[in-house]
Amino acid sequence: MEIISGSENEALEPILQEFAQSQGFGIKVTYRGSVDIMLELDRGRDMQYDAIWPANSLWIELGDRQKVVKLEESVMHSPVVFGVKRSVAERLGWLEKEVTIADVLKAAEAKTFRFSMTSATQSNSGACAYLGFLHALAGSPDVLSAENLADPAVQDATRRLLQQIDRSSGSSGWLKQTVVKNYAECEAMVNYESMIIEANQELVSLGQEPLVAIYPADGLTIADSPLGYVDHGDPVKQDLFEKLMAHLKSEPVQARIVALGRRAGLVGLDASKVDAAVFNAEWGISIDRVISPIPLPGESVLREALSLYQSGGLRKPSATVYAIDCSGSMQGAGISQLKSALHLLLDPEQSRRFLLDPSQRDVHIVVPFDSQPRETWVYRGNDPAMLAELRDKVDRLVAEEGTNMYAAIQEGIQRLDKEVGDLSDYFPAVIVMTDGKSAGNSRALSDMIQHRKGTRIPIFSITFGAADDKQLKDLSEHFQGRVFDGQKDLTKAFRDARGYN
């Protein structure tokens with residue numbers, strides 16, 4: 001049996017494998033983002049997977065147009081909350097009151113509070129939080145409607161709140177890891193309650209101040225983790241699925257799931273059956289509070305909300321440098337694949353399918369390089385003709401000479417500072433792709449960034465061909481980025497990297 005699952009379920013795989021072994025069959029789990037699961041579902045019975053396990057049923061609502069999913073049932077729950085440093089929550093007076101989304105907006109705009117959050121179009125925790133923001137700022141209607149989304153006041157308040165996010169991510173797990181690793185720079189993050197628990201377990205072991213979970217009094221959302229069977233007409237696999245579901249819903253397994261920091265069964269938990277060291281009241285984790293999540297809107301409203309976020313001007317804009325290797329070793333298939341990948345990101349018609357289409361406020365800086373940076377191109381916005389011109393320039397690139405990614409990155413950052421100015425109004429990032437070991441001086445890049453003032457710029461790396469993994473890992477590690485594997489699918493690697501800003 002093959003299952004496509006959100007990465008937040010990885011901690012539960014031992015439970016799956018133990019059951020499969022006891023029953024004498026195999027389970028293969030492939031972990032993908034919420035958008036990838038949605039796109040797989042869009043293929044209907046042509047998808048290769050026998051079951052889907054996203055973080056939230058909204059992705060089934062968006063993707064299952066052919067209605068191939070059945071026997072769908074929630075396995076566990078996790079509220080999406082603000083994890084705030086205790087000292088910050090105390091300063092804001094949030095430990096003694098019910099905090100509303102309006103309170104968050106007020107504190108953020110007063111520059112007394114800043115937070116990190118995943119992308120609403122690339123990660124479920126971000127999508128849930130964003131829908132909660134919209135619902136609360138629309139006055140908590142029975143169900144969010146198209147009329148609410150069209151309200152200029154709702155759009156303005158939501159845009160202002162999203163503008164205050166100081167770090168974005170395409171993954172809830174990676175956001176948690178980044179916050180823990182760079183804790184001195186962090187005040188809060190929006191994430192699953194379970195991720196706050198995991199972060200605090202790490203922070204306490206490191207002697208750090210824990211986060212406190214703040215449950216919004218309005219706009220609260222819950223990831224319901226539905227497991228569903230994809231009907232390929234195979235009764236044997238359906239029987240195996242039903243046995244697996246029964247196992248996951250059994251009392252002993254539900255207890256194991258709770259021990260991992262997830263809520264099983266009802267959202268409220270029985271204190272006598274909960275490990276207080278996991279659901280720790282000192283961390284603000286409340287097992288007996290009344291949790292009333294917002295109702296999710298229908299498919300058309302969900303799609304319109306996500307479109308407004310991505311290309312309709314609500315999200316904080318991106319300022320992205322693409323440092324792309326055009327050295328001699330890229331000649332042939334390499335340069336062709338590179339052009340294809342950039343076409344997807346720079347063509348609104350193609351990128352819209354992956355919820356990555358640009359907005360009017362985005363900035364695109366392309367730095368082709370070989371042994372030194374070539375001519376750099378700077379474009380703004382999402383005008384189709386303008387982006388077609390940029391794609392045409394990319395198409396005319398030829399591969400020649402050596403490789404020096406460090407000089408290209410340095411050039412890209414300098415152009416960001418010159419062309420954009422105050423980067424605090426953007427999510428800036430450098431995405432560098434190379435297929436070989438780079439010459440050049442990494443120290444010069446480090447020195448420049450060390451003495452540079454202003455918003456920190458993460459560097460994301462994409463491996464391709466015979467790229468030096470150590471160089472790229474060191475680069476991304478040092479500059480708070482991540483390495484993406486482009487060996488098998490360069491386009492997907494670029495798409496994944498782009499989802500982080």
Side-chain angles (χ1 to χ4, degrees), residues 79-85 88-89 91-94 97-141 144-145 148-170 172 175 179 186-192 196 211 213-221 293-294 296-297 301-302 304-319 355 359-362 422-428 455 501:
V80 177
V81 302
F82 285 85
V84 185
K85 277 184 175 177
V88 175
R91 184 184 75 218
L92 294 169
W94 286 1
K97 63 172 289 186
E98 289 290 302
V99 179
T100 66
I101 298 302
D103 291 328
V104 175
L105 174 58
K106 181 179 179 181
E109 288 198 309
K111 306 302 180 185
T112 58
F113 173 70
R114 52 190 171 86
F115 64 99
S116 301
M117 190 176 102
T118 61
S119 165
T121 54
Q122 301 302 308
S123 171
N124 180 67
S125 65
C128 286
Y130 166 64
L131 291 170
F133 297 166
L134 284 171
H135 191 273
L137 296 172
S140 298
L144 194 68
S145 68
N148 296 140
L149 296 181
D151 186 337
V154 174
Q155 291 190 15
D156 177 66
T158 305
R159 183 185 299 109
R160 285 158 45 210
L161 179 55
L162 295 175
Q163 187 69 31
Q164 305 308 316
I165 300 172
D166 66 350
R167 183 69 190 261
S168 183
S169 167
S172 304
L175 178 64
V179 165
C186 167
E187 287 190 344
M189 68 170 163
V190 179
N191 216 322
Y192 303 117
I196 304 302
L211 297 165
I214 301 293
Y215 302 78
D218 54 356
L220 180 66
T221 51
I294 66 166
L296 288 179
V301 175
L302 284 173
E304 178 60 21
L306 293 177
S307 177
L308 274 173
Y309 173 90
Q310 184 61 33
S311 58
L314 295 196
R315 66 177 168 87
K316 193 172 183 176
S318 301
L355 306 182
S359 77
Q360 291 183 347
R361 300 188 293 163
D362 285 350
D422 184 5
L423 290 173
S424 65
D425 292 333
Y426 294 81
F427 287 131
T455 303
N501 81 320

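The residues of the chain are indexed from 1 along the displayed sequence.
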All side chain to side chain donor-acceptor pair (under 3.5 Å) counterparts of Thr455, not counting sequence neighbours: none

Atom pair CE (Met117) and OG (Ser169), whose distance is rounded to the nearest 0.5 Å: 11.0 Å

Between CG on residue Leu302 and OG on residue Ser307, distance to nearest 0.5 Å: 12.5 Å

Partners meeting salt bridge (Lys or Arg N to Asp or Glu O under 4.0 Å) with Lys106 (sequence neighbours left out): none

Results of side-chain contact (heavy atoms from CB on, under 4.5 Å) for Ser116 - residues two or more places apart only: Asp166, Arg167, Leu175, Met189

Nearest-0.5 Å distance that lies between atom CG in Leu296 and atom SG in Cys128: 7.0 Å

Counterpart residues, side chain to side chain donor-acceptor pair (under 3.5 Å), relative to Thr121 (two or more places apart): Ser119, Gln310

Ser168 side chain near Lys316 side chain, heavy-atom distance below 4.5 Å: no

Between OG1 on residue Thr158 and CG on residue Leu137, distance to nearest 0.5 Å: 4.5 Å

Results of side-chain contact (heavy atoms from CB on, under 4.5 Å) for Lys85 - residues two or more places apart only: Ser87, Val88, Tyr183, Glu209, Leu211

Side chains of Asn148 and Leu134 in contact at under 4.5 Å (non-hydrogen atoms): no

Counterpart residues, side-chain contact (heavy atoms from CB on, under 4.5 Å), relative to Arg160 (two or more places apart): Leu105, Glu109, Asp156, Ala157

Pairing residues for Ser424 by the side chain to side chain donor-acceptor pair (under 3.5 Å) criterion, not counting sequence neighbours: Asp422

Side chains of Arg315 and Ile165 in contact at under 4.5 Å (non-hydrogen atoms): no

Pairs satisfying ring-ring contact (aromatic ring centres under 6.0 Å, His included), at least one member in residues 108-137, at least two apart: Phe82-Phe115, Trp94-Phe113, Phe113-Phe115, Tyr130-Tyr309

Sequence-distant partners of Asp425, salt bridge (Lys or Arg N to Asp or Glu O under 4.0 Å), two or more places apart: none

Inter-residue atom distance Leu149.CG - Leu144.CG, 0.5 Å rounding: 4.5 Å

Any side-chain heavy-atom pair of Lys111 and Gln164 under 4.5 Å: yes

Partner set under side-chain contact (heavy atoms from CB on, under 4.5 Å) for Ala217, not counting sequence neighbours: Glu98, Thr100

Within-4.5 Å side-chain heavy-atom neighbours: Pro293 and Thr221: no

Those residues that, when tested against Glu187, pass side chain to side chain donor-acceptor pair (under 3.5 Å) (two or more places apart): none

